[in-house]
Trainee: 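There's a structure below that I have some questions on.
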Amino acid sequence: MAFDHKEIENKWQRFWAEATVFEVTEDPEKDKYYVLEMFPYPSGKLHMGHVRNYAIGDALARFKRMQGFNVLYPMGYDSFGLPAENAAIEHKANPRLWTYEKINQMRGQQIQMGFSYDWSRMVKTCEPEYYKWNQWIFLKLMEKGLAYRKNAPVNWCEKCQTVLANEQVVNGSCWRCGTEVSEKALEQWFLKITAYADELLAGIDKLTEWPERVRVMQQNWIGKSEGVEIFFKVKDSHHVISTYTAHWNTIYGVTFLVLAPEHPLALELVKGTPKEKDALKFISEMKWLSHIDRVNPDKDKLGFDLGVKAINPVTGREIPVFLTNFVLMDYGTGAVMGTPAHDQRDFEFAKKYGCEVRVVVQPRDRKLAPECMERAFVDEGIMVNSGPFNGLSSAEAMPKVATHLVKERLAKRAVNYKIRDWLVSRQRFWGTPIPVVYCDKCGVVPVPEDKLPVRLPDAAEFGLVGNPLQHVKSFVETTCPRCRAKARRETDTMDTFVDSAWYFLRYSSPREAKKPFDEKKVWQWMPVDQYIGGIEHAILHLLYARFFTKALRDLGLLEVDEPFQRLLAQGMVLKDGAKMSKSLGNVVDPGEIIERFGADTARVFILFAALPEKEFEWSDQGVESARRFLERVYRLVEASKGGMARGEAKEKDLAQSERLLLSKAHRTIQRVTEHMENMRFNYALQALMEFANDLGRLECRDRNVKWFAVRSLVQMLSPFAPHLAEELWQSTKEKGFVSLSKWPACDASRIDVGAETAEAFVESVKADLKNVLALSKIQKPKAVYVFVAAKWKATALAVVREACKGKPDVGLAMKALMARPEFKAQGKQIEAFARAAARKAGETGKPVALDECPSRDPLNKARNAFPLKPAIYVE
RNA sequence: GCACGGGUAGGAAAGCGGCCAAAUCCGCCGGGCUUAGAACCCGGUCGCUCAGUGCGUGCGCAGGUUCGAAUCCUGCCCCGUGCACCA
């Protein structure tokens with residue numbers, strides 16, 4: 001091993017910390033750049049996902065820093081949450097101590113990785129100095145009616161003994177423990193994210209630097225639907241059933257209505273009729289079904305005919321009214337009109353319960369007959385059986401039908417959203433206490449601002465039923481802030497997503513004691529220029545953070561609308577084709593990689609493996625190759641040290657290969673800079689690898705060119721392998737830290753396009769041929785030998801043929817060469833001799849006879865000397 | 001079902017109208033260096049063919065647009081991811 005990664009890494013980590021190299025303050029002289037990674041839950045050990053996430057962020061932060069930006073690159077811990085509490089139950093550990101231990105372990109590994117965080121800004125959400133402001137913001141939201149309490153059926157996880165937000169229910173199961181979620185009615189706290197539904201949706205258009213799929217997911221989640229509510233009169237009754245639809249053009253095809261079992265009219269309509277008892281029975285059966293079963297499209301559609309008739313407002317026909325399991329009370333009006341011919345669910349229902357199928361949209365290429373239909377026709381077509389709208393296309397009919405219905409007062413325009421208010425109550429200990437008190441006299445009383453934070457008690461008994469906080473008397477028993485009477489403190493804590501909904505603001509002024517953050521400083525840093533994290537937060541966290549940003553703006557605390565300018569959803573690290581997971585046993589521990597190969601290697605490998613947003617397969621060989629690359633750079637720089645001198649290279653003094661090297665250096669700077677800008681780190685590394693090869697093979701005696709090339713390489717390597725780069729920076733006698741050096745500038749005029757292209761090659765072949773001919777005084781050569789790198793062979797020969805105007809037979813020359821007794825051996829050997837000749841020719845500047853060639857001269861040296869420039873021999 | 005992303009050489013993964021038989025890394029083959037190996041350096045790595053070279057096939061499948069397609073369009077087949085009885 002050429003270098004000792006442990007020694008180098010420890011050394012530079014210490015130096016960075018001692019010199020507080022990465023701490024930043026606001027600086028009006030510089031442009032700011034805020035790089036943020038989704039802060040981790042402190043589980044103790046980093047996993048590969050973390051390493052990838054932070055390697056990406058750190059490379060960008062280091063690059064931007066070197067470019068002269070004032071870079072805010074902080075780290076913190078999302079340290080409230082279930083695992084700490086579960087550990088408390090299992091191991092009788094104190095969740096606070098457990099959490100702090102894990103934070104320290106994790107932070108230790110992050111330091112080992114060499115991430116350039118400003119640790120002075122560290123934020124831990126479980127500390128009162130942080131969660132105090134959760135409470136404060138909660139109270140502000142309460143004042144504005146954006147935080148409220150209501151009795152609601154909630155998603156309940158029996159195992160975690162807690163309520164879950166809709167976003168935390170994955171396929172009907174708890175997102176954490178996988179237990180099937182059940183439904184339960186409870187008094188719960190909500191945040192009114194729906195008040196911002198429209199703005200959150202409209203804002204997505206502005207997020208042009210977010211991945212498309214995340215934007216789509218958010219759009220779907222908000223689920224805005226613009227439609228109409230159509231009113232159906234109930235026959236022989238004063239009741240009106242209002243239904244929401246987005247396909248109002250099919251109103252003439254409505255042949256029944258279906259109500260959710262919870263619909264207020266469900267019982268009302270059958271009160272006192274013989275159907276009442278059965279209706280009650282049906283309703284209670286439906287209530288037994290969980291929400292999950294109700295919305296499962298594979299479940300049978302069940303109906304109960306209420307026996308009453310409604311009137312289709314446009315056809316005047318009487319239509320039956322059913323209760324059903326497949327209509328949801330919390331979307332639209334809880335009642336749906338049935339258009340069996342044009343909606344698959346309605347079609348199935350109608351077939352089962354014998355409702356009329358009435359076609360009102362005909363496909364253009366065939367004719368539908370209700371009795372022959374096997375499924376609903378849901379595509380675009382021509383309106384039929386629709387009174388005045390017959391003959392229109394369904395698209396044309398949409399606005400006309402809507403206008404008609406509204407004008408006739410049969411309907412009103414309506415908008416519906418899928419998004420629901422955010423349920424933030426959790427029946428857990430390890431979270432931010434919700435700052436309210438229940439008083440028998442005054443009701444729900446907010447804790448006054450000056451009494452914040454409501455601190456979590458230091459100790460509690462874990463493992464009892466329900467929330468441990470309920471059993472802490474000193475916490476629960478309090479007095480009413482308003483009337484001083486005995487009162488009970490709220491024991492629910494906040495969803496941890498509240499913590500992460502604004503932590504990025506806190507980094508601007510992490511020790512601010514009088515408010516959640518300093519407005520001026522936040523103004524300096526926000527928005528986050530580049531946010532990086534896992535796709536799993538595409539909806540949950542990102543939507544909540546956007547909501548908080550807007551809500552805080554409306555509280556007058558912020559001036560930005562959107563928190564995250566550019567978003568990168570990093571890809572997963574796979575092993576054996578699957579996500580690394582304990583249960584699959586395919587986890588690669590970053591700690592071991594750091595130990596064996598070093599942090600620099602781990603970083604280079606992980607960034608080189610693929611584009612950051614794509615998933616890639618872990619490869620042990622890939623790790624080794626990353627290490628080999630670093631070794632090569634190390635050797636190159638060590639070998640170059642003697643031949644370098646700081647200074648500007650003088651163009652006219654440069655030999656071809658030196659000019660080429662200089663050109664390559666600038667070309668590489670150009671490529672790497674551009675790739676860094678776009679976070680295409682794998683390309684940047686590729687360019688660096690190629691450049692390292694060039695540096696190794698191109699002969700360079702010019703000390704200034706050498707210096708520039710080596711120095712640039714070390715600098716550009718530093719975002720990827722910062723420790724090694726610092727070491728090389730120091731060993732090449734550069735001042736200060738490479739981490740703080742100015743990113744090399746590409747001087748486009750130094751890019752010698754000619755030297756890098758075939759044209760230039762052709763020119764050089766021509767020139768060399770001329771020189772050779774002149775020097776050798778052979779005006780009419782019998783043969784010409786050209787020795788070059790294989791890729792240039794064809795070009796070179798073509799040029800020589802052209803230049804010699806066909807006189808010497810170049811092809812025959814090679815044959816003649818083959819015929820010589822000393823070259824009877826293999827072609828390879830001929831090549832070796834040829835290269836030796838080329839080298840000799842290059843050294844003396846004169847052509848040499850082949851038999852002058854030292855036969856044992858190493859091929860590789862000849863090869864190194866003449867990668868591009870041809871050697872020409874004539875006879 | 002809908003939406004989004006993919007299918008490229010032995011493997012991973014670039015390219016997204018001509019400079020593409022296709023970057024880079026790995027693997028494999030040959031050579032150099034070595035007592036030998038490791039490491040390191042060089043060359044090769046779709047098939048046939050040659051001294052140079054040339055030809056054929058070719059980037060999921062089938063068509064199309066174009067002077068020209070891995071790259072653009074259409075349809076199809078696979079694979080991921082997300083959302084799904086949202087009316």
Side-chain angles (χ1 to χ4, degrees), chain A residues 1-2 171 211-217 219-221 223-225 227 243-248 250 258 294-299 301 324-328 330-339 343-346 348-349 378 416-418 535-536 538-539 571-572 574 605 608-611 613-626 628-629 631-632 635 680 682-683 685-690 693 696-697 757-758 786 789-791 793-794 796-798 801 809-819 826-832 835 856 858-864 867:
Chain A
M1 295 235 170
N171 290 330
E212 180 64 16
R213 60 176 168 155
V214 174
R215 297 169 49 183
V216 169
M217 277 191 232
Q219 254 160 21
N220 291 343
W221 191 263
K224 183 176 185 175
S225 156
T243 68
Y244 175 78
T245 180
H247 306 280
W248 58 86
T250 59
V258 274
R294 292 260 307 273
V295 298
N296 182 347
D298 302 330
K299 289 270 153 112
K301 292 171 177 45
T324 182
N325 59 332
F326 74 87
V327 173
L328 308 173
D330 61 1
Y331 185 80
T333 60
V336 175
M337 61 185 213
T339 359
D343 181 287
Q344 188 57 24
R345 288 157 299 163
D346 297 349
E348 286 166 27
F349 188 86
V378 294
N416 265 295
Y417 297 92
K418 280 194 243 180
I535 189 71
E536 67 273 19
I539 298 174
M572 281 190 297
L574 307 178
F605 165 68
F608 179 61
L611 284 169
E613 63 271 24
K614 300 217 178 169
E615 53 185 43
F616 74 90
E617 178 76 20
W618 178 266
S619 153
D620 292 333
Q621 274 153 351
V623 179
E624 284 170 28
S625 91
R628 247 179 285 149
F629 164 63
E631 300 276 5
R632 193 156 71 238
R635 278 197 309 274
R680 295 158 73 110
N682 55 331
Y683 297 166
L685 277 164
Q686 182 179 318
L688 288 176
M689 285 173 178
E690 285 173 34
N693 280 341
R697 70 165 55 150
T757 59
V786 183
K791 63 189 285 197
K793 211 152 29 179
L797 281 168
R801 274 203 198 104
D809 185 332
V810 178
L812 278 176
M814 187 63 88
K815 248 182 196 166
L817 185 62
M818 295 288 281
Q826 299 298 308
K828 295 277 182 201
Q829 278 174 290
I830 291 175
E831 210 175 343
R835 293 224 163 94
R856 308 260 324 149
L859 166 63
N860 59 335
K861 284 185 188 165
R863 182 71 190 74
N864 283 345

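As the structure is a computational prediction, the values presented were derived from the model and not from experiment.
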Trainee: Please determine, for the side chain of A/Leu328, which listed nucleotide (B/A84, B/C86, B/A3) has the closest atom?
Mentor: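 Ranking B/A84, B/C86, B/A3 by closest atom to the A/Leu328 side chain puts B/C86 first.
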Trainee: What distance do A/Trp221 atom CH2 and A/Ile539 atom CD1 have between them, rounded to the nearest 0.5 Å?
Mentor: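 Here the interatomic distance stands at 5.5 Å.
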Trainee: For RNA chain B, which consecutive runs of 3 or more Watson-Crick or G-U pairs (each distance under 3.5 Å) count as stems?
Mentor: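 Stems for RNA chain B, defined as runs of 3 or more consecutive pairs: B:1-7 with B:77-83, B:10-12 with B:24-26, B:27-32 with B:40-45, B:46-48 with B:54-56, B:60-64 with B:72-76.
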Trainee: Apply side-chain contact (heavy atoms from CB on, under 4.5 Å) to the pair A/Asn693 and A/Arg632, showing each step before the final yes or no.
Mentor: CA-CA 9 Å; A/Asn693 280 341; A/Arg632 193 156 71 238; 3.5 Å; yes
Trainee: Write down the distance between CZ (A/Phe326) and C1' (B/A87), rounded to a whole number of angstrom.
Mentor: 8 Å
Trainee: For this output row, return yes or no: ring centroids of A/Phe608 and A/Phe629 closer than 6.0 angstrom.
Mentor: no
Trainee: Distance between the P atoms of B/C26 and B/C42, in whole angstroms?
Mentor: 12 Å
Trainee: Between A/Val336 and A/Met572, just flag the one whose closest nucleotide in RNA chain B comes earlier from the 5' side.
Mentor: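 The residue whose closest nucleotide sits nearer the 5' end is A/Met572.
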Trainee: How long is the line joining CD1 of A/Ile535 and P of B/G5, in whole Å?
Mentor: 12 Å
Trainee: Once you round to the nearest 0.5 Å, how far does CG of A/Asp346 lie from CE of A/Met337?
Mentor: 8.5 Å
Trainee: Between atom CD of A/Glu212 and atom CE of A/Met217, what is the distance when rounded to the nearest 0.5 Å?
Mentor: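 Separation between the atoms: 10.5 Å.
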Trainee: If I take atom NZ from residue A/Lys418 and atom CG from residue A/Asn220, how far apart are they, to the nearest 0.5 angstrom?
Mentor: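 It is 6.0 Å, given to the nearest 0.5 Å.
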Trainee: Between A/Ala335 and A/Glu212, who's closer to the 5' end of RNA chain B by nearest nucleotide?
Mentor: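 Looking at RNA chain B, the more 5' nearest nucleotide goes with A/Glu212.
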Trainee: Taking atom P in both B/G30 and B/A21, compute the distance separating them and give it to the nearest angstrom.
Mentor: 29 Å
Trainee: Mind checking the P distance from B/C83 to B/A13? Whole angstroms is fine.
Mentor: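 It comes out at 24 Å once rounded to the nearest Å.
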Trainee: Atom OG1 in A/Thr339, atom CZ in A/Arg345: separation rounded to 0.5 Å?
Mentor: 8.5 Å
Trainee: State which of B/G82, B/C4, B/C86 makes the closest approach to the side chain of A/Val216.
Mentor: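 Closest nucleotide among those given: B/C4.
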Trainee: Calculate the interatomic distance between A/Trp221 atom CH2 and B/C86 atom P; express it in whole Å.
Mentor: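 Going from CH2 in A/Trp221 over to P in B/C86 covers 15 Å.
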Trainee: Taking only the side-chain heavy atoms of A/His247 (C-beta and beyond), determine which of B/C40, B/A87, B/G15 contains the nearest atom.
Mentor: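 That would be B/A87.
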Trainee: Is A/Arg215 touching bases, backbone alone, or none of the nucleic acid, heavy atoms closer than 4.0 Å?
Mentor: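 The answer is nothing, as A/Arg215 stays clear of every strand by at least 4.0 Å.
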Trainee: Measuring only the C1' atom in each nucleotide, how far is B/A70 from B/A9? A whole number of Å is fine.
Mentor: 12 Å
Trainee: Can you tell me, in whole Å, how much space there is between the C1' of B/A12 and that of B/C2?
Mentor: 32 Å
Trainee: Any idea which heavy atoms bring A/Ala610 and A/Phe616 closest together, and the distance?
Mentor: CB-CB, 3.7 Å
Trainee: Using whole Å, report how far NZ of A/Lys418 lies from P of B/C83.
Mentor: 11 Å
Trainee: Can you list everything that forms a side chain to side chain contact (heavy atoms under 4.5 Å, CB included) with A/Arg680? Sequence neighbours excluded, please.
Mentor: A/Leu611, A/His675, A/Asn678, A/Asn682, A/Tyr683
Trainee: Can you tell me, in whole Å, how much space there is between the P of B/U45 and that of B/G18?
Mentor: 23 Å
Trainee: Would you mind reading off the distance between A/Phe605 atom CZ and B/A13 atom C1', rounded to a whole angstrom?
Mentor: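 The answer, rounded to whole Å, is 12 Å.
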Trainee: Rounded to whole Å, please give me the gap between CD1 in A/Ile539 and P in B/C83.
Mentor: 5 Å
Trainee: Answer with base, sugar-phosphate or nothing: what part of the nucleic acid does A/Leu685 contact at a heavy-atom distance below 4.0 Å?
Mentor: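 Nothing: the residue A/Leu685, judged by heavy atoms under 4.0 Å, touches no strand.
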Trainee: Could you list all N or O pairs between the protein and nucleotides 25-29 of chain B that sit under 3.5 Å apart?
Mentor:
residue : atom : partner  : partner atom : Å
B/C25   : O2'  : A/Ser625 : OG           : 3.0
B/C26   : OP1  : A/Arg628 : NH1          : 3.1
B/C26   : O2'  : A/Gln621 : OE1          : 2.9

Trainee: Check the distance between B/A23's C1' and A/Phe629's CZ and give it to me in whole angstrom.
Mentor: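 Atom CZ in A/Phe629 sits about 15 Å away from atom C1' in B/A23.
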Trainee: Rounded to whole angstrom, note down the C1' distance from B/G60 over to B/G5.
Mentor: 16 Å
Trainee: Could you please name the option among B/U24, B/A87, B/C4 that lies closest to any side-chain atom of A/Arg213?
Mentor: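 Among the listed nucleotides, the one closest to the side chain of A/Arg213 is B/C4.
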Trainee: Quick one: pull up CZ in A/Arg628 and CD in A/Glu624 and give me the separation to the nearest 0.5 Å.
Mentor: 6.5 Å
Trainee: Keeping the roles fixed (side chain from A/Tyr244, backbone from A/Tyr331), state whether a donor-acceptor pair exists under 3.5 Å.
Mentor: no
Trainee: What is the distance, rounded to the nearest whole Å, between atom CG of A/Asp346 and atom C1' of B/G1?
Mentor: 16 Å
Trainee: Return no unless some side-chain N or O of A/Tyr244 is found under 4.0 Å from OP1 or OP2 of B/C86.
Mentor: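 Indeed not, no polar side-chain atom of A/Tyr244 lies that close.
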Trainee: Say you pick atom C1' in B/C50 and the same atom in B/G56; how far apart are they, in whole Å?
Mentor: 15 Å
